[in-house]
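The structure under discussion appears below in the form of structure tokens.
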Amino acid sequence: MSDAQLLAQLAGERGHVLRAVHGLEDHDMRRTLTPSGWTMTQLLNHLAFDDEMFWISAVLGGDATAIAGLHNGWASKPMTGAEAINLYKREIARSDAVLADVDLDAPPRWWPPATVFDAPPMPDGREVVFRVLAETSVHAGHLDIVRELIDGHQNLVVG
């Protein structure tokens, strides 16, 4: 897969996430419908802080502001659905700026200490982007399920 294809796939999955929450009322975005107790706003915060900010801005880009702002996205301060959507869009834009400026063949510019992420460093930026793509894809599916429980909307129905 070329870098352009990889980045296009990531953009597509980010769009999938945004389509899954598009048009929902705030109370639906903050409802708990899963046994584990997460809400759509919490999942958007996780994607914004733990994927876009952590993996792309901090790890891949080495951005000091992102590194200083790292925290558990699941435990972010409560916010409205609109605020969570805007935050996710802002982090996507920030990530896109990093992605436009990095060499995906190069190693990440920063790696977190073991107390934050206890794993060996990824060898290159491409592997970091694959990680974000996988996380985003999985969570887009989670959002699809919750959306269907709320109003019956289905993103894709096969066969």
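Keep in mind that this is a model prediction, so the values were computed, not measured. All heavy atoms count here, side chains included; hydrogens, waters and symmetry mates do not.
Within the 4.5 Å cutoff, the side chain of Leu10 has heavy atoms near those of the Leu99 side chain. You'll find the side chain of Val102 reaches within 4.5 Å of the side chain of Leu104, heavy atoms only. Looking at heavy atoms from C-beta onward, His71 lies in side-chain contact with Ser76 at the 4.5 angstrom threshold. Under the 4.5 Å side-chain criterion, counting only non-hydrogen atoms from C-beta, His46 is in contact with His139. Side-chain contact check for Val98 versus Ser57: some heavy-atom pair is nearer than 4.5 Å.
Nearest heavy-atom pair across Asp105 and Asp103 is N-OD1, 2.9 Å. For the residue pair Thr39 and Met29, the shortest heavy atom distance occurs at CB-O, 3.6 Å. Closest non-hydrogen pair, Ala58 versus Ile67, comes out as CB-CG1, 3.7 Å. Of all the heavy atoms in Met1 and Leu6, the pair that sits closest is SD-CA, 3.5 Å.
At a threshold of 4.0 Å, the pair Asp96-Arg14 counts as salt-bridged, since one of the basic side-chain nitrogens sits closer than that to a carboxylate oxygen.
Hydrophobic clustering of Ile, Leu, Val, Met, Phe, Trp and Tyr side chains at less than 4.5 Å, counting indirect connections, unites Trp110 with Val129. Hydrophobic clustering of Ile, Leu, Val, Met, Phe, Trp and Tyr side chains at less than 4.5 Å, counting indirect connections, unites Ile56 with Leu7. Follow the hydrophobic side-chain contacts under 4.5 Å out from Val17 and you never reach Val132; the two are in separate clusters. A continuous path of Ile, Leu, Val, Met, Phe, Trp and Tyr side chains, each step under 4.5 Å between heavy atoms, connects Met40 with Leu44, placing both in one hydrophobic cluster. In the hydrophobic clustering of ILVMFWY residues, with side-chain heavy atoms under 4.5 Å counting as a link, Leu24 and Met79 come out apart.
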- [ ] Please assess His16 against Asn155 for the test side-chain contact (heavy atoms from CB on, under 4.5 Å), listing each intermediate value before the final yes or no.
- [x] CA-CA 8 Å; His16 183 163; Asn155 184 58; 3.2 Å; yes

- [ ] Evaluate the criterion salt bridge (charged side-chain N to carboxylate O under 4.0 Å, His left out) for residue pair Arg147 and Asp144; output intermediate values, then yes/no.
- [x] CA-CA 5 Å; Arg147 176 66 186 255; Asp144 281 343; over 6 Å; no

Open item on the list: Please evaluate residues Glu52 and Leu47 with respect to the criterion side-chain contact (heavy atoms from CB on, under 4.5 Å), reporting the C-alpha separation (whole Å), side-chain torsions for both, the decisive distance (0.1 Å), and the verdict.
Closed with: CA-CA 6 Å; Glu52 299 290 341; Leu47 288 168; 5.6 Å; no

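Aromatic ring centres of Trp55 and Phe130 lie farther apart than the 6.0 Å criterion allows. Side-chain rings of Trp74 and Phe49 stay apart, their centers remaining 6.0 Å or farther from each other.
Checked by atom type and distance alone, the side chain of Gln5 pairs as donor or acceptor with a backbone atom of Ser2 at under 3.5 Å. Proximity of a side-chain donor or acceptor of Asp50 to a complementary backbone N or O of Gly73 within less than 3.5 Å is detected.
Interatomic distance, CD1 of Ile145 versus CD of Glu148, reported as 8.0 Å (0.5 Å rounding).
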Side-chain donor-acceptor distances from residues 83-92 under 3.5 Å, at least two apart:
from  : atom 1 : to    : atom 2 : distance (Å)
Glu83 : OE1    : Thr80 : N      : 2.8
Glu83 : OE1    : Thr80 : OG1    : 3.4
Asn86 : ND2    : Ala82 : O      : 3.3

